[in-house]
Chemist: 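Quick one: structure below, then a few questions.
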2 protein chains.
Amino acid sequence: MEPKGRTRMTIGQLAEKTATDAQTIRYYERQGLLLDPPRTESNYRVYDENSVTRLTFIKRAKEIGFSLNDIKVLQGIADGEVRQCSEIQAFAESRLSKIRAHMADLTAMERTLSSLVNQCALSDKIEDCPILETLTERE
Amino acid sequence: MEPKGRTRMTIGQLAEKTATDAQTIRYYERQGLLLDPPRTESNYRVYDENSVTRLTFIKRAKEIGFSLNDIKVLQGIADGEVRQCSEIQAFAESRLSKIRAHMADLTAMERTLSSLVNQCALSDKIEDCPILETLTERE
DNA sequence: AACAACCTTATAGTAAGCTATAAGGTTGCA
DNA sequence: TGCAACCTTATAGCTTACTATAAGGTTGTT
């Protein structure tokens, strides 16, 4: 841990440091993902290293496939609203099953579409197009 | 092919027949995915079997992973703006590569998240949670 | 003092694909 | 004739995660 309250940054510096747009940081604040930071006399937001950690947490969680809403829950857990690691595990598992369901959908699409594309090579006449045929045919 | 102009349906009947909401049918019309149908004297839309075919085309294409915008392009092709099946093939291939890219993203997420979830079993203390650790650790 | 480059807020727009609501006209049947 | 169940339009709202714009205040440098 860096010494607390040592670094002081404007929103632009935090944005730079975390490769996030300043607008996005304000947006996360409005959404309750980032605490309202202290302000200078002229009402500028002041951030420190903890803010960098927070924001990095958000970016990592997004990469892993959590939505902003999921991340709020994760933060609640990290901040001690919940005591058991198993609760996070369960939460991550539910997100995992959503990801897997989404993958299954895409796999089915991929299969159908790639097989259609492969059938295309046979003829270049539009009347024989297997893709249009599939889309139009009666069940 | 059914005899043309034989069947006459209201929007509700078309909706029923294609398992689509009537609102959605009007929405597709506004988006240019369905032609403006003829109207009765009292301004009710009148549909026929061609409309069923059109709408079924849209639903199938959606299932295969085309967006509504993609579908407009497909329809342009089907309606004769383009003559070569290879053009549809190329279009389908570009959609296919988007689907595959999306799948690759999800696969990476799935891998990370499932490995984290598997590490969870070791301890139930929140301080040891591998998920929170991963999200918070410095690079 | 001038000026760019920052910061502030509020508000609205984007993408995609609907879904809901209001306020009214029409049809079909008892 | 009454009434439900349809139909019509226009308008606004939903979801997610921003992004843009306007209109203004502050900071730092020359």
Side-chain angles (χ1 to χ4, degrees), chain A residues 8-34 36-48 51 54-75 95 98-99 102 105-106 109, chain B residues 8-34 36-48 51 54-55 57-75 95 98-99 101-102 105-106 109:
Chain A
R8 288 168 60 85
M9 286 173 261
T10 63
I11 196 169
Q13 290 162 334
L14 178 62
E16 168 88 5
K17 202 160 184 173
T18 57
T20 311
D21 194 272
Q23 288 265 53
T24 303
I25 294 173
R26 293 193 196 95
Y27 172 73
Y28 287 165
E29 183 184 313
R30 278 201 302 284
Q31 299 306 307
L33 289 162
L34 293 172
D36 293 15
R39 304 285 185 128
T40 64
E41 291 207 337
S42 55
N43 204 30
Y44 282 24
R45 288 169 179 81
V46 180
Y47 296 99
D48 62 14
S51 316
R54 275 270 177 183
L55 200 42
T56 305
F57 180 103
I58 294 171
K59 299 204 92 186
R60 294 248 170 80
K62 268 165 55 70
E63 274 165 31
I64 298 180
F66 290 105
S67 69
L68 296 189
N69 225 305
D70 291 341
I71 293 169
K72 263 205 275 195
V73 176
L74 280 178
Q75 286 180 335
R95 168 53 50 179
K98 277 184 206 165
I99 291 173
H102 194 172
D105 285 351
L106 289 179
M109 288 179 189
Chain B
R8 287 170 59 85
M9 286 173 260
T10 62
I11 197 169
Q13 289 162 334
L14 178 62
E16 169 88 6
K17 203 161 183 173
T18 57
T20 311
D21 195 273
Q23 288 265 51
T24 302
I25 295 173
R26 293 192 196 97
Y27 172 73
Y28 288 165
E29 184 184 312
R30 277 201 303 284
Q31 300 305 306
L33 290 163
L34 293 172
D36 293 15
R39 304 285 186 127
T40 64
E41 293 208 333
S42 55
N43 205 31
Y44 282 24
R45 289 170 179 82
V46 181
Y47 295 99
D48 62 13
S51 317
R54 274 270 180 186
L55 199 43
F57 181 102
I58 294 170
K59 299 204 93 187
R60 294 246 172 81
K62 267 165 55 72
E63 274 165 30
I64 297 179
F66 290 105
S67 70
L68 295 190
N69 227 306
D70 290 340
I71 294 169
K72 264 205 273 194
V73 177
L74 281 178
Q75 286 179 336
R95 169 50 53 180
K98 276 185 206 163
I99 290 173
H102 194 170
D105 285 351
L106 289 179
M109 287 178 189

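Keep in mind the model is a prediction, meaning the values are calculated, not measured. Each chain gets a letter, A, B and so on, in the order the sequences are listed, and its residues count up from 1.
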Chemist: A:Thr24 side chain: which of D:dT27, C:dT19, D:dT19 is closest?
Modeler: D:dT19
Chemist: Got a donor-acceptor contact below 3.5 angstrom from the B:Thr24 side chain to the B:Thr20 backbone?
Modeler: no
Chemist: Let me know the distance between CD1 of A:Ile58 and P of D:dA17, rounded to the nearest Å.
Modeler: 12 Å
Chemist: Looking at C:dC18, I'd like to know if its phosphate oxygens (OP1 or OP2) sit under 4.0 Å from a side-chain N or O belonging to B:Tyr28.
Modeler: yes
Chemist: Does D:dT9 have OP1 or OP2 under 4.0 Å away from a side-chain N or O of B:Arg45?
Modeler: yes
Chemist: Counting only side-chain N and O atoms of B:Arg39, is one of them less than 4.0 Å from OP1 or OP2 of C:dG25?
Modeler: no
Chemist: Whole angstrom is fine here: how far is it from CZ in B:Arg95 over to C1' in C:dA16?
Modeler: 12 Å
Chemist: Look at the side-chain N and O atoms of A:Lys62 and state whether any lies under 4.0 Å from the OP1 or OP2 oxygen of D:dC18.
Modeler: yes
Chemist: Within the modelled atom types, does a donor on one side and an acceptor on the other bring the side chain of A:Gln31 and the base of D:dA17 under 3.5 Å apart?
Modeler: no
Chemist: Considering heavy-atom distances to DNA chain C, does A:Thr10 or A:Gln23 have its closest nucleotide positioned more toward the 5' end?
Modeler: A:Thr10
Chemist: Between A:Gln31 (side chain) and A:Leu68 (backbone), is there a donor-acceptor pair under 3.5 Å?
Modeler: no
Chemist: Just the rounded figure in Å: distance from C1' of D:dA17 to CG of A:Asp70.
Modeler: 13 Å
Chemist: Mind calculating the distance between CD1 (A:Ile71) and C1' (D:dA17) to the nearest angstrom?
Modeler: 11 Å
Chemist: Between P on D:dT26 and CG on A:Asn43, what's the gap in Å once rounded to a whole number?
Modeler: 9 Å
Chemist: Could you give the CD-to-C1' distance, from A:Glu41 to C:dT8, as a whole number of Å?
Modeler: 16 Å
Chemist: Do B:Arg45 and B:Met9 touch side chain to side chain, with heavy atoms closer than 4.5 Å?
Modeler: no
Chemist: State plainly whether the residues B:Asp48 and B:Arg8 are in salt-bridge range, i.e. N to O under 4.0 Å.
Modeler: no
Chemist: Return the 5'-most residue of the pair A:Tyr44, A:Arg30 with respect to DNA chain D, ranking by each residue's nearest nucleotide.
Modeler: A:Arg30
Chemist: Could you give the OH-to-P distance, from B:Tyr27 to D:dA12, as a whole number of Å?
Modeler: 17 Å
Chemist: Using OP1 and OP2 only, check whether a side-chain N or O of A:Ser42 sits under 4.0 Å from D:dT27.
Modeler: yes
Chemist: Between A:Ser67 and A:Arg95, what is the shortest heavy-atom contact and its length?
Modeler: OG-NH2, 4.2 Å
Chemist: Nearest to the side chain of A:Arg26, which nucleotide is it out of C:dC18, C:dT21, C:dC7?
Modeler: C:dC7
Chemist: Categorize A:Thr40 for me: base, sugar-phosphate, or nothing, with a 4.0 angstrom heavy-atom threshold over every strand shown.
Modeler: nothing
Chemist: To the nearest angstrom, how far is A:Gln13 atom CD from D:dT26 atom C1'?
Modeler: 14 Å
